[in-house]
Amino acid sequence: MPYDEDDMLMLSGIQHFMFCQRQWALIHIEQQWSENKLTTEGNILHTNVDNPFYRIKNGETITLRSIHIASKRLGLYGITDAVELRASETEKNAIRITSYPGFWNLYPIEYKKGHSKPDERDEVQLAAQVICLEEMNKIEIKEAALYYNETKRREKICINNHLRDLTYKCANEMHELYKKGKTPPAEKKVSCRNCSLIDLCLPTLNKRKDVKEYLKENLGNEETT
């Protein structure tokens, strides 16, 4: 069942949701956010990637940046990092572009700051972008790519039925949790120490700050005892 426009959620949140549902809820339900070294590095990486006026034409491939996308079936909206237009000899699963004659296949690329993850959070975010582009253009996209800045290489991702089903499952669970408006309870994990929200979620876990420093930072300039 398609979601209404008023129910649409941010596509980028699906990666947060797979990493930690509590982190996703803190950001998207409670509207809390905090930067750390890893998020800052990610922002720097996307400075040029997300330039909507940046176009590269290289032979029969054209790279487009920051395309606004949405899917009512997923109930998600967002902006792509990059989509390559690859020249096609046929119109099957291809689109026409006013500025460029002929037929073009879409090849989404999502940029990541580190390396591949032990789970499928990056793949699901990429698949969500694919589903949006398919729905908007009435085509099928069978392959996309993740580019990892640490390894400086692309990893081809097959957008198969398993990945599509997992993406729909995560999107539906996001909507259910958002409607409830309830943040899941904290659960200490190994990955917590790399989370930018550690001081908001589990302040006692971060031993780099003493209690007085933490309270001063989060409660303003009030005197603490």
Any side-chain heavy atom of Val83 within less than 4.5 Å of one from Thr63? no
Between Lys72 and Glu5, does the side-chain contact (heavy atoms from CB on, under 4.5 Å) criterion hold? Intermediate values first, please. CA-CA 8 Å; Lys72 289 189 174 181; Glu5 288 186 8; 4.2 Å; yes
With the 4.5 Å side-chain cut-off for hydrophobic clustering, are Met8 and Phe17 part of the same group? no
Is any side-chain heavy atom of Ile157 less than 4.5 Å from a side-chain heavy atom of Leu163? yes
State yes or no: are the ring centers of Tyr178 and His28 separated by less than 6.0 Å? no
Do you know which two heavy atoms are closest between Ser66 and Ile79, and how far apart they sit? CA-CG2, 3.3 Å
Establish, yes or no, whether the cationic atom of Arg73 lies under 6.0 Å from the six-membered ring centre of Tyr3 and within 45° of the ring axis. no
Answer yes or no: is there a side-chain heavy-atom contact under 4.5 Å between Lys142 and Ile159? no
Smallest separation among heavy atoms of Cys132 and Leu11, with atom names: SG-CD1, 3.7 Å
Walk me through whether Met136 and Ile69 qualify under side-chain contact (heavy atoms from CB on, under 4.5 Å). CA-CA 8 Å; Met136 294 170 65; Ile69 56 175; 3.8 Å; yes
If only side-chain N and O atoms count, and only distance matters, is there a donor-acceptor pair under 3.5 Å linking Glu30 with Thr183? yes
Determine whether Leu166 and Met18 make a side-chain contact, defined as any pair of heavy atoms from C-beta on separated by less than 4.5 Å. yes
Identify whether the distance between the nearest side-chain nitrogen and carboxylate oxygen of Lys169 and Glu173 falls below 4.0 Å. yes
Which distance, rounded to the nearest 0.5 Å, do you find between the CG of Leu64 and the OH of Tyr100? 6.5 Å
Taking Leu126 as the starting point, is it possible to reach Tyr77 by hopping between hydrophobic residues whose side chains are less than 4.5 Å apart? no
Is there a side-chain contact between Leu74 and Tyr168, using heavy atoms and a 4.5 Å cut-off? yes
Quick check: do Ile109 and Tyr107 have side-chain heavy atoms less than 4.5 Å from each other? yes
Looking only at heavy atoms, which two atoms of Pro108 and Ile141 are closest? And how far apart? CD-CG2, 4.1 Å
Spacing of Leu26 atom CG and Trp24 atom CH2 [to the nearest 0.5 Å]: 10.5 Å
Going by distance alone, is a donor N or O of one side chain under 3.5 Å from an acceptor N or O of the other, for His162 and Glu120? yes
Does the side-chain hydrogen bond (donor to acceptor under 3.5 Å, both in side chains) test come out yes or no for Tyr147 and Asp81, once each step is laid out? CA-CA 10 Å; Tyr147 176 86; Asp81 279 347; over 6 Å; no
Least distance between heavy atoms, Glu155 atom then Ser116 atom: OE2-CB, 3.7 Å
Assess the residue pair Ile14 and Cys170 against the criterion (side-chain contact (heavy atoms from CB on, under 4.5 Å)); give the C-alpha distance rounded to whole Å, side-chain angles, the decisive distance to 0.1 Å, and a yes or no. CA-CA 7 Å; Ile14 201 166; Cys170 287; 3.9 Å; yes
So, Thr80 side chain and Ile67 main chain: donor-acceptor pair closer than 3.5 Å or not? yes
What's the separation between atom CD in Glu91 and atom CG in Asn105, rounded to the nearest 0.5 Å? 11.5 Å
Starting from the C-alpha separation in whole Å, work towards a yes-or-no answer on side-chain contact (heavy atoms from CB on, under 4.5 Å) for Tyr148 and Glu110. CA-CA 9 Å; Tyr148 289 100; Glu110 174 68 14; over 6 Å; no
Evaluate salt bridge (charged side-chain N to carboxylate O under 4.0 Å, His left out) for Glu84 paired with Arg154, printing each intermediate quantity in order. CA-CA 13 Å; Glu84 288 184 349; Arg154 287 186 186 183; 2.5 Å; yes
Working to the nearest 0.5 angstrom, can you tell me the gap between Ile97 CD1 and Leu85 CG? 5.0 Å
Ser71 and Glu135: which non-hydrogen atoms are nearest, and at how many Å? OG-OE1, 2.6 Å
Shared ILVMFWY cluster between Met10 and Leu177, side chains joined below 4.5 angstrom? no
Glu134 with Arg164: basic N within carboxylate O range, under 4.0 Å: yes
Here the gap from Ile131 atom CD1 to Glu140 atom CD, rounded to the nearest 0.5 Å, amounts to 11.5 Å
Would you mind checking if Lys117 and Asp119 are paired as a salt bridge, meaning a charged N to carboxylate O distance below 4.0 Å? no
State, to 0.1 Å, how close Ala82 and Tyr111 come at their nearest heavy-atom pair, and which atoms those are. CB-CE1, 4.0 Å
Quick one: CZ on Arg22 to CD1 on Ile27, what's the gap to the nearest 0.5 Å? 11.5 Å
Tell me, please, whether Phe19 has Arg121 positioned over its six-membered ring: NZ or CZ under 6.0 Å from the ring centre and within 45 degrees of its axis? no
Flag side-chain contact, heavy atom, 4.5 Å: Gln23 against Gln21: no
Are any side-chain N or O atoms of Asp4 and backbone N or O atoms of Asp7, one a donor and one an acceptor, separated by less than 3.5 Å? no
